[in-house]
Amino acid sequence: MSTTHLPITDSLYRYVLEQSSDGHDPLLTQLRRETQALGNVAEMSISPNQCSFLSFLTGLIGARYAVEIGTFTGSSSISIARGLVPGGRLVCFDNDFRYTSIARRYWFRAGLQNKIELRLGDAHQLIPRFRSAGLLDLVFIDADKEAYDFYYETLLPLVRTNGLIIFDNMLRGGKVVDPVRRNEPATRAIDELNRKLASDPRIQSLLLPIADGLHLCRKLERGY
Ligand code: SAH
Ligand code: CA
């Protein structure tokens with residue numbers, strides 16, 4: 001066993017959730033169940049631990065204005081919206097009506113419908129046309145992997161100093177270090193982006209091995 005990091009077993013993961021204030025949120029648990037009925041795609045939802053982490057970070061930076069690309073059935077959007085200051089707003093982008101109608105239902109159930117706005121359509125088209133109503137505090141990117149860098153470059157100028165851009169699935173189930181599978185197009189795109197972020201002078205970057213890997217980027221003063 002490595003001494004520098006601890007392999008997370010199922011029981012250890014359960015322990016981690018139990019010893020966190022919102023590790024077992026009833027609404028997110030119900031949403032998870034309903035999402036599982038969709039089949040294999042359910043794996044796309046962020047994990048319970050990531051949900052807590054997103055709420056935590058959003059609250060920590062006092063975020064008021066956030067954007068999410070890749071909403072699916074709503075786990076991450078609910079987590080971010082819950083962390084926003086009163087009167088805060090989250091704009092969500094997704095191109096799937098069926099998935100996001102589940103999300104919408106849960107936004108209402110969570111009482112978050114006034115904080116979250118959905119823009120339904122292809123983010124490749126919508127993101128460059130997005131006119132933000134001020135600087136963004138937080139951006140969460142979890143849609144098509146090959147477009148992550150495009151979303152990053154398009155939105156970074158709209159993020160305030162010390163604001164966050166967060167990317168999900170940055171370890172690609174371990175494929176980023178698999179000599180063969182790292183060459184798959186989506187994994188190659190993610191690997192290239194991880195490397196770029198690590199040496200990008202506009203941000204401070206931190207690749208965290210939580211679930212399938214979150215890459216956190218804090219925009220620096222000179223990030224313009
Ligand atoms: N963050 C979500 C999971 C996102 S799964 C959660 O925590 O539950 C990825 C989502 O990205 C899917 O819902 C898919 O419809 C959406 N997506 C993929 N490519 C897209 C594109 N080009 N434009 C908009 N949405 C896209
Ligand atoms: Ca994801």
Side-chain angles (χ1 to χ4, degrees), residues 2 4-10 13 32 35-51 53-54 57 67-77 79-80 92-100 102-103 119-128 130 138-156 159 164-218:
S2 160
T4 53
H5 91 98
L6 186 62
I8 301 295
T9 58
D10 285 352
Y13 185 69
R32 192 164 305 280
T35 302
Q36 268 155 7
L38 298 173
N40 286 341
V41 290
E43 288 167 19
M44 296 202 297
S45 300
I46 59 165
S47 73
N49 200 205
Q50 286 182 304
C51 286
F53 187 56
L54 281 185
L57 277 183
V67 161
E68 166 178 278
I69 312 176
T71 295
F72 190 46
T73 59
S75 295
S76 50
S77 55
S79 306
I80 294 166
C92 291
F93 293 86
D94 201 292
N95 60 5
D96 194 292
F97 176 78
R98 183 170 165 231
Y99 298 151
T100 53
I102 298 177
R119 309 257 171 109
L120 197 60
D122 184 359
H124 300 201
Q125 255 108 58
L126 297 179
I127 290 297
F130 172 61
L138 184 142
V139 174
F140 180 61
I141 300 179
D142 193 15
D144 45 333
K145 308 309 165 200
E146 278 144 288
Y148 272 28
D149 187 40
F150 171 69
Y151 299 141
Y152 173 65
E153 289 297 343
T154 310
L155 291 177
L156 185 63
V159 175
L164 291 176
I165 300 189
I166 305 169
F167 301 90
D168 190 33
N169 303 108
M170 298 303 269
L171 297 178
R172 301 283 300 157
K175 285 189 277 181
V176 287
V177 292
D178 182 309
V180 176
R181 303 192 70 190
R182 69 190 298 173
N183 291 313
E184 293 170 8
T187 302
R188 190 192 283 264
I190 292 299
D191 177 39
E192 280 167 8
L193 181 58
N194 277 327
R195 288 165 195 276
K196 166 177 159 170
L197 297 174
S199 59
D200 190 331
R202 298 170 296 178
I203 54 150
Q204 178 186 21
S205 105
L206 172 64
L207 177 52
L208 277 184
I210 166 172
D212 191 27
L214 286 178
H215 207 141
L216 272 51
C217 305
R218 180 173 68 92

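One is the number of the first residue; the rest follow in order along the sequence.
In terms of the side chain to side chain contact (heavy atoms under 4.5 Å, CB included) criterion, residue partners of T9 (sequence neighbours excluded) are, by chain and number, S11, L12. Under the rule for a salt bridge (charged side-chain N to carboxylate O under 4.0 Å, His left out), R32 has no partner lying at least two apart in sequence or in another chain. Scored by the ring-ring contact (aromatic ring centres under 6.0 Å, His included) test, F53 finds no partners at all (sequence neighbours excluded). Qualifying side-chain hydrogen bond (donor to acceptor under 3.5 Å, both in side chains) partners for T100, counting only residues two or more places apart in sequence or in other chains: none. Residues passing the salt bridge (charged side-chain N to carboxylate O under 4.0 Å, His left out) test with D200, sequence neighbours excluded: R202. When the side-chain hydrogen bond (donor to acceptor under 3.5 Å, both in side chains) test is applied to Q125, no partner is found at least two apart in sequence or on another chain. When the ring-ring contact (aromatic ring centres under 6.0 Å, His included) test is applied to F130, the partners found at least two apart in sequence or on another chain are F93. Considering only residues two or more places apart in sequence or on other chains, S75 meets the side-chain hydrogen bond (donor to acceptor under 3.5 Å, both in side chains) condition with none of them. Not counting sequence neighbours, the partners of D191 by the salt bridge (charged side-chain N to carboxylate O under 4.0 Å, His left out) test are R182, R195. With sequence neighbours left out, S79 forms a side-chain hydrogen bond (donor to acceptor under 3.5 Å, both in side chains) with no residue at all.
Closest approach of H124 and F150 over heavy atoms only: O-CE2, 3.7 Å.
No side-chain heavy atom of L156 sits under 4.5 Å from any side-chain heavy atom of Y151. Looking at E68 and S76, their side chains come closer than 4.5 Å, going by heavy atoms from C-beta outward.
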*Mind running side-chain hydrogen bond (donor to acceptor under 3.5 Å, both in side chains) on T35 and T73 for me, showing each step along the way?*
CA-CA 7 Å; T35 302; T73 59; 2.8 Å; yes
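Tested against D142, the residues D94, I46, L214, T71 include a single side-chain contact (heavy atoms from CB on, under 4.5 Å) partner, I46.
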Would you give me the side-chain donor-acceptor pairs under 3.5 Å for residues 165-180, sequence neighbours excluded?
residue, atom, partner, partner atom, Å
D168, OD1, Q50, NE2, 2.9
N169, OD1, K145, NZ, 3.1
N169, ND2, D212, OD2, 2.8
R172, NE, T187, OG1, 3.2
K175, NZ, E184, OE1, 3.2
D178, OD1, V180, N, 2.9
D178, OD1, R181, N, 3.0

